[in-house]
Amino acid sequence: MNKCQLLFEDNLKFDNELEALTYVSEQLQQKGIVKESHLQALIDREALFPTGIAFDGYAVAIPHCEATHANTPAIFIVRTQTPVAFHRADDDSTVDVSLIISLVVTAPEDQIELLKALFSNLQNEEFYQFLLNAPQDEIAVHFNNEIFNQ
């Protein structure tokens, strides 16, 4: 996978999933990473295929949409102040997440590879804790060495 821009936001508070998705998309639009169509595409995709993923004792959300809504590839990691309820990918309930990892890809095959690499790492709670607590520069090094090179 081609390397992509890695963005971070810490200590954010959202009242709900829609507010979080809107914030993520607006930030990405302001940086020119996504097109204006991104927010609606993100909302539409979440309605059909929710991205709240529950692991054993922790959960993350990995919102993403089709590559046609992207200008340049990026990963936007958002650490929340308090958990946000996201609809689960595997049933009709919600899961509280403190970590949102939004994927922006320009090639559909990159999305599949990136999701595989993330899932492989996220199944390890130590990696999840690392993403929640490590300094941003350490996370960037790990992504460059481990995630982007898988």
Side-chain angles (χ1 to χ4, degrees), residues 4-106 110-112 114-144 146-148:
C4 61
Q5 188 173 358
L6 199 53
L7 308 165
F8 297 93
E9 290 277 349
D10 282 319
N11 206 28
L12 296 180
K13 183 164 176 25
F14 304 109
D15 291 330
N16 55 53
E17 176 181 338
L18 180 59
E19 190 176 300
L21 294 173
T22 301
Y23 179 84
V24 165
S25 188
E26 286 175 351
Q27 293 302 304
L28 293 168
Q29 282 183 50
Q30 287 176 8
K31 292 172 179 28
I33 293 168
V34 298
K35 299 173 182 172
E36 285 185 29
S37 61
H38 181 262
L39 177 57
Q40 192 59 54
L42 206 55
I43 291 168
D44 292 348
R45 192 195 182 288
E46 284 288 326
L48 292 173
F49 305 105
T51 61
I53 311 293
F55 293 95
D56 190 18
Y58 59 100
V60 300
I62 308 176
H64 56 282
C65 61
E66 298 80 15
T68 57
H69 305 285
N71 293 322
T72 61
I75 297 176
F76 189 11
I77 298 174
V78 177
R79 299 187 274 202
T80 65
Q81 195 177 88
T82 56
V84 181
F86 265 75
H87 287 87
R88 286 179 64 141
D90 60 350
D91 67 34
D92 292 333
S93 66
T94 60
V95 63
D96 290 336
V97 305
S98 297
L99 186 63
I100 301 167
I101 306 171
S102 183
L103 308 181
V104 179
V105 297
T106 53
D110 286 347
Q111 183 168 295
I112 293 166
L114 190 52
L115 281 168
K116 278 198 251 180
L118 273 174
F119 271 97
S120 174
N121 281 271
L122 283 168
Q123 290 178 35
N124 179 345
E125 188 174 358
E126 287 179 24
F127 178 69
Y128 168 77
Q129 291 298 331
F130 171 74
L131 291 180
L132 269 185
N133 299 303
Q136 294 174 4
D137 58 339
E138 287 182 27
I139 294 172
V141 168
H142 182 82
F143 266 75
N144 285 328
E146 301 295 327
I147 304 296
F148 297 140

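By the 4.5 Å heavy-atom criterion applied to side chains, S93 and R88 are counted as neighbours. Side-chain contact check for F127 versus H142: some heavy-atom pair is nearer than 4.5 Å. Counting heavy atoms from C-beta outward, H38 and L28 have side chains that approach closer than 4.5 Å. With a 4.5 Å cut-off on side-chain heavy atoms, Y58 and Q129 do not count as touching. Taking the side chain as every heavy atom from C-beta outward, L39 and Q29 approach each other to under 4.5 Å. Counting heavy atoms from C-beta outward, L131 and I139 have side chains that approach closer than 4.5 Å. Taking the side chain as every heavy atom from C-beta outward, V78 and S102 never approach each other to under 4.5 Å. Contact of the F86 side chain with the T94 side chain is not registered, since no non-hydrogen atoms from C-beta on lie closer than 4.5 Å.
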Apply side chain to side chain contact (heavy atoms under 4.5 Å, CB included) to the pair I43 and L18, showing each step before the final yes or no. CA-CA 8 Å; I43 291 168; L18 180 59; 3.5 Å; yes
I would like to know whether N71 and I33 meet side chain to side chain contact (heavy atoms under 4.5 Å, CB included); could you show each step before the answer? CA-CA 5 Å; N71 293 322; I33 293 168; 5.8 Å; no
Test Q136 against D10 for side chain to side chain contact (heavy atoms under 4.5 Å, CB included), laying out the working first. CA-CA 9 Å; Q136 294 174 4; D10 282 319; 2.9 Å; yes
Test side chain to side chain contact (heavy atoms under 4.5 Å, CB included) on I62 and V60 and set out the steps. CA-CA 7 Å; I62 308 176; V60 300; 4.0 Å; yes
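Side-chain contact, T51 with E46: a donor N or O sits under 3.5 Å from an acceptor N or O. Checking Q123 against D56 by side-chain atom types alone, no donor-acceptor pair falls below 3.5 Å. A donor and an acceptor atom, one from each side chain of H87 and E17, are located under 3.5 Å apart.
Closest of all the heavy-atom pairs between V97 and A61 is CG1-N, 3.8 Å. Taking all atoms of both residues into account, the shortest heavy-atom contact from L132 to S98 is CD2-O, 3.8 Å. Minimum interatomic distance between S25 and V34 (heavy atoms only, all atoms of both residues): O-CG2, 4.0 Å. Taking both residues in full, the closest heavy atoms of A70 and T106 are given as CB-CG2, 4.1 Å, listed atom of the first, atom of the second, then distance. Nearest heavy-atom pair, A89 versus I53, reported as atom, atom and distance to 0.1 Å: CB-CD1, 3.7 Å.
How far CG of L122 is from CD1 of I101: 5.0 Å, rounded to the nearest 0.5 Å. Taken to the nearest 0.5 Å, the CD atom of Q27 stands 9.0 Å off from the CG atom of L7. Considering CG of L21 and CD of Q40, their distance stands at 11.0 Å, rounded to 0.5 Å. Separating the CZ atom in R79 from the CG atom in L12 is a distance of 10.5 Å, to the nearest 0.5 Å. Separating the OH atom in Y23 from the CZ atom in F76 is a distance of 5.5 Å, to the nearest 0.5 Å. Distance CG/L115 to CG/L118: 6.5 Å, rounded to 0.5 Å.
Other residues, nucleotides and ligands contribute only 12 or fewer heavy atoms inside 6.0 Å of the CG atom of D92.
Listed by chain and residue number, nothing satisfies the ring-ring contact (aromatic ring centres under 6.0 Å, His included) test with F49 (two or more places apart in sequence, or in another chain). The side chain to side chain contact (heavy atoms under 4.5 Å, CB included) search around S37 returns K35, H69, not counting sequence neighbours. L6 pairs by the side chain to side chain contact (heavy atoms under 4.5 Å, CB included) definition with F8, I75, I77, A140, F143, not counting sequence neighbours.
Between F55 and Y128, the distance from one ring center to the other does not fall under 6.0 angstrom.
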